[in-house]
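Presented below is the structure to which this report refers.
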2 protein chains.
Amino acid sequence: MNELVKKQQRGEVTKKKILEVALKLFSEKGFNKVTVDEIVKKSDSSKGSFYQHFRSKSDIFLVRFTEMDHYYLEVYKSFPENMDPMEKLSIFSQKLMHFLENEMGKDLMKVIYSAALESREHTYFLDSNRSLFKITRTLLEEAIEKEKINPELSLDDVSTMVTQSYMGSIYHWGLRITDRSLDSFSTPFINALLIGISKKL
Amino acid sequence: MNELVKKQQRGEVTKKKILEVALKLFSEKGFNKVTVDEIVKKSDSSKGSFYQHFRSKSDIFLVRFTEMDHYYLEVYKSFPENMDPMEKLSIFSQKLMHFLENEMGKDLMKVIYSAALESREHTYFLDSNRSLFKITRTLLEEAIEKEKINPELSLDDVSTMVTQSYMGSIYHWGLRITDRSLDSFSTPFINALLIGISKKL
DNA sequence: TATAATATCAGACTGTAGTCTAATTTTGGA
DNA sequence: TCCAAAATTAGACTACAGTCTGATATTATA
């Protein structure tokens, strides 16, 4: 065991150290007040190591963001089999937003949202949200099968709309200087959208 | 006349020159490939002048973006008096997105959306959209008066939702590498939202 | 018109993210 | 075990947005 750990690449240890120190500094002082030089100094590392393990300063946040994939899956699996798929979607979205605000925080979300627009690799954001998109797509697929959704809309259509509504909620909240919670903004919005795409009786 | 022009502050002439040169360079090479040094050199100006007239490099784009206020008002005023307010909103939104894509362009929109998240002055974005928000709010007010909207929703609620849907449409489109137009993404989304906030019969 | 206050301008300077190169360590195959 | 290839590391260096200072021009006021 010990040997196995030791045989793990030295690099992984360094990466973890840098990640920890960086996240600690970001939470203490805010992303913009922390420099990469400070991070590498306080983690007894170097610029070379930093950029060996992370593509950019904001990549630190992206790594944390992406690590949380498993949470979405847990929420998804927690739904009872027979629950209305539109209700699942609504609750899933609400829990997602609550999670993003409380576990990730506004600073992180703003940095990621901004960096995604600036990054030339379009994979940046979409990759790290892949498992999230997969879940909402699955839920929407179920809703279509159960004829809960306006039959004029395709799975791609509604899947895009849900993505747009998530992005709109988060971006809007990121801009506002407010104490109101993200989900207090997002829930009415997403629920209105879900009504809008529902099959009319 | 000539005298009046001459009496205009020297500064305004410089500002205009910088703006023109910068926009030309941005459209030729893209925002990120143009440096402020290049802009001031090619406009026979200096860093001092640049930052005298603009708060930042991206402020150039914001100025252009904000100059276009009057367009929204024209569209708004073009609607016949008796048109359904929800239809007005739908058409207004569609024209807005078409305008943003074709007159502003994706590069500009991405830069502005990203800079807004990074700027410490929260006025950055909201200010430059003030007249837009005013119009959508007026349209929503009219819709509420005519009882077209779910009475459980306040004007603030629906106004926020429309803003969220605009931001979501634009942000989502900004991320995607696609030839599809912005309004082909935004229109179904915004229309679904409008259905979702409508008063049920 | 004289002068003080303000606006404009030039360009050197600073801060910081990210790159590059060369040294060192680790690993995997012979 | 030995060595070549690959991974890791250090830190000097570059690029560039934005700041600062001091000079010059313009305007407002007396």
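In what follows, chains carry the letters A, B, and so on, assigned in the order in which the sequence lines appear, proteins first and then strands, with residues in each chain numbered from 1.
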Name every donor-acceptor pair, under 3.5 Å, that has one atom in a side chain of residues 71-78 of chain B and the other anywhere in the protein, sequence neighbours excluded.
unit_1  : atom_1 : unit_2  : atom_2 : d
B:Ser78 : OG     : B:Val75 : O      : 2.6

Listed pairs under 3.5 Å, donor-acceptor, residues 167-174 of chain A side chains, sequence neighbours left out:
unit_1   : atom_1 : unit_2   : atom_2 : d
A:Ser169 : OG     : A:Ser165 : O      : 2.8
A:Tyr171 : OH     : B:Tyr113 : O      : 2.8

Sequence-aligned protein contact record of nucleotides 14-24 of chain C, with B where the base is within under 4.0 Å of a protein heavy atom and S where only the sugar-phosphate is: --SBBB-----
Do A:Asn129 and A:Phe65 pass the side chain to side chain contact (heavy atoms under 4.5 Å, CB included) test, and can you show the C-alpha distance, the side-chain angles, and the key distance before you say yes or no? CA-CA 9 Å; A:Asn129 275 307; A:Phe65 183 71; 3.5 Å; yes
Would you say D:dT8 has OP1 or OP2 under 4.0 Å from some side-chain N or O of A:Thr14? no
Taking 4.0 Å as the cut-off, does a side-chain nitrogen or oxygen of B:Ser46 come that near to OP1 or OP2 on C:dC9? no
Qualifying ring pair (Phe, Tyr, Trp, His ring centres under 6.0 Å) pairs with a residue from residues 145-167 of chain A, counting only residues at least two apart or across chains: none
Would you mind reading off the distance between B:Glu12 atom CD and C:dC9 atom C1', rounded to a whole angstrom? 15 Å
N/O (side chain, A:His53) to phosphate O (OP1/OP2, D:dA7) under 4.0 Å: no
Would a distance-only check, ignoring hydrogens and angles, find a side-chain to backbone donor-acceptor pair under 3.5 Å from A:Thr66 to A:Leu62? yes
Here the distance between atom C1' of D:dT8 and atom NZ of A:Lys16, to the nearest Å, is 19 Å
Separation of C:dA10 atom C1' from B:Ile39 atom CD1, nearest Å, is 17 Å
Using a 3.5 Å distance criterion without hydrogens, assess whether the side chain of B:Lys106 forms a donor-acceptor pair with backbone atoms of B:Leu182. no
For C:dC9, does either OP1 or OP2 sit under 4.0 Å from a side-chain N or O belonging to B:Gln52? no
As a check of understanding: the bend across the helix from C:dT1-D:dA30 to C:dA30-D:dT1, end axes from five pairs, rounded to 10 degrees, works out to 10°
Is there a donor-acceptor contact under 3.5 Å from the side chain of A:Lys200 to the main chain of A:Ser198? yes
Could you pull out all residues at least two apart from B:Lys16 that satisfy salt bridge (charged side-chain N to carboxylate O under 4.0 Å, His left out)? none
